[in-house]
Amino acid sequence: MLSIATWNVNSIRVRLEQVLTWMRSHAPDVLALQELKSTDETFPIGAFSALGYQVAVSGQATYNGVAILSLKPLSDVVHGIPGYEDAQKRVLTVTLDDMRIICVYVPNGASVDSDKYQYKLQWFEHFLKYAEKTKKEYPKTVILGDYNIAPEDRDVHDPVLWQGQVLVSEKERACFKALLALGFQDTFRVLNPEENNYTWWDYRMNAFKRNMGLRLDHILATHAVMVRAKQCDVDKTPRTWERPSDHVPLVLQLDD
DNA sequence: ATGCCGCCCGTAGGGCGA
C-alpha cells in the first residue's frame, strides 16, 4: 500500500504539532501541504526529517506556500508552473519512483466580480497546459491539493445559497471539468460515488458543527494510477481539535 | 451585511482567505 495525502494547514507554524501528530498516527507515504504562510527559511524541515521524511518546499511569507513530504526519495523537483511567471507560490512538483506528483494551491478568487477571480481563471488556463504536458511525459500523474472549487452541487452543503458564488461558479467548475477531460479522475468521487462529504468548513457561524461545508480539496489521478486506487477518504478528526485548520486531510490509498 | 472567524504583520487594524 502507498498512501498519498493532502492537507491545507492554514499556517504551518500554527499547525505544526497537529500535522506531526496526524503524521505519527497515519504515517502517510506522501503528504502534500498548502497555505504554509511560511518562507523556505522558516519551514520546519527538521521536524519532518526527524520523522523520516524528505522535504520539498516552495514557501512564501504571509500567503500561499506549498510543500511535499515523502518517505521515499524525491527527485526532479520543479517550482511553480514552468513558463508562467507568478510571484505566488502555489505549485510544486516532484517524482517518486515513476509517479509524478503535483501539489497545488489554486487561487481562491475572492468573489466573482473581483480581479482575483479573473486571476484564478487565467491561472487555471496555465495550469491546465502544465497538467496536459505532465500527463504526456508521465502516464502516472497525481495532482492533489486545495483546488478552491466544489465540482458539483452535491459537494456543497447548500447549493441554492452558493449558486453562482466563487468556489462554485460555472466558470470555475468548467476549469475542473477541463482537467477531468484531460484524463484525470477525481479519486474521491470515483471511489465514493454516493458519499456526501466536505473537506472545508468556514470558521464562522459554527459551520463545522452544522456541517456547512464544501468539498474543495481533491486528489486527481491518471488512469495508470487509478487502477491501483483502493480508497480515498476525508479525515474530519483534525477539524475537531483545538485551533484547527479550516481544511482537513484527504487520503488516497494505492495497492502495490 | 462593509457582519461572523482565524492568520499575518506588527503591535493597530487592514488584507486575505473561503
Within this structure, what is the CZ-to-C1' distance between A:F208 and B:dG6, rounded to whole angstrom? 16 Å
Side-chain ion pair, A:D97 and A:K72, N-O less than 4.0 Å: yes
Protein-nucleotide distance (A:H157, atom NE2; B:dA18, atom P), rounded to Å: 15 Å
Between the base of B:dA18 and the side chain of A:N108, is there any donor-acceptor pair under 3.5 Å? yes
Of the listed nucleotides (B:dC7, B:dG6, B:dC9), which one gets closest to any side-chain atom of A:R15? B:dC7
Of the listed nucleotides (B:dG17, B:dC16, B:dC4), which one gets closest to any side-chain atom of A:Y63? B:dC16
Quick one: A:N64 CG to B:dG17 P, roughly how many Å, whole number? 7 Å
Below 6.0 angstrom between ring centroids: does that apply to A:Y147 and A:Y105? no
So A:L144 and A:I4, do their side chains get closer than 4.5 Å, heavy atoms only? yes
In terms of ring plane angle, is the pair A:W200 and A:H247 parallel, tilted or perpendicular, where the classes change at 30° and 60°? tilted
Could you check whether A:D146 gets within reach of a base, just the sugar-phosphate, or nothing at all, counting any heavy atom under 4.0 Å? sugar-phosphate
Assign A:E35 to base, sugar-phosphate, or nothing according to its heavy-atom contacts below 4.0 angstrom with the strands shown. sugar-phosphate
What's the closest nucleotide to the side chain of A:Y203 if the choices are B:dC9, B:dG6, B:dA18? B:dG6
Any A:R13 side-chain nitrogen or oxygen under 4.0 Å from OP1 or OP2 of B:dG6: no
Would you say a side-chain N or O of A:S11 is under 4.0 Å from OP1 or OP2 of B:dG6? no
From the set B:dC8, B:dG17, B:dA18, return the single nucleotide nearest to any side-chain atom of A:N148. B:dA18
Using a cut-off of strictly less than 4.0 Å, decide whether A:R243 has a side-chain nitrogen or oxygen near OP1 or OP2 of B:dC5. no
Parallel under 30°, tilted from 30 to 60°, perpendicular over 60°: which one fits the rings of A:F124 and A:F127? perpendicular
Measuring from the side chain of A:K37 (C-beta onward, heavy atoms only), which nucleotide among B:dG17, B:dC4, B:dC7 has the closest atom? B:dC7
Using a 4.0 Å heavy-atom cut-off, does A:D217 contact any base of the nucleic acid, only the sugar-phosphate backbone, or nothing at all? nothing
Checking all strands, does A:Y147 fall into the base, sugar-phosphate, or nothing category for heavy-atom contacts under 4.0 angstrom? nothing
Side-chain N,O (A:Y117) to OP1/OP2 (B:dA18) below 4.0 Å: no
Pick base, sugar-phosphate or nothing for A:L216, based on heavy-atom distances below 4.0 Å to the nucleic acid. sugar-phosphate
For A:I12 and B:dG6, what is the distance between atoms CD1 and C1' respectively, to the nearest whole Å? 16 Å
Residue-phosphate contact under 4.0 Å: A:N10 side-chain N/O, B:dG6 OP1/OP2: no
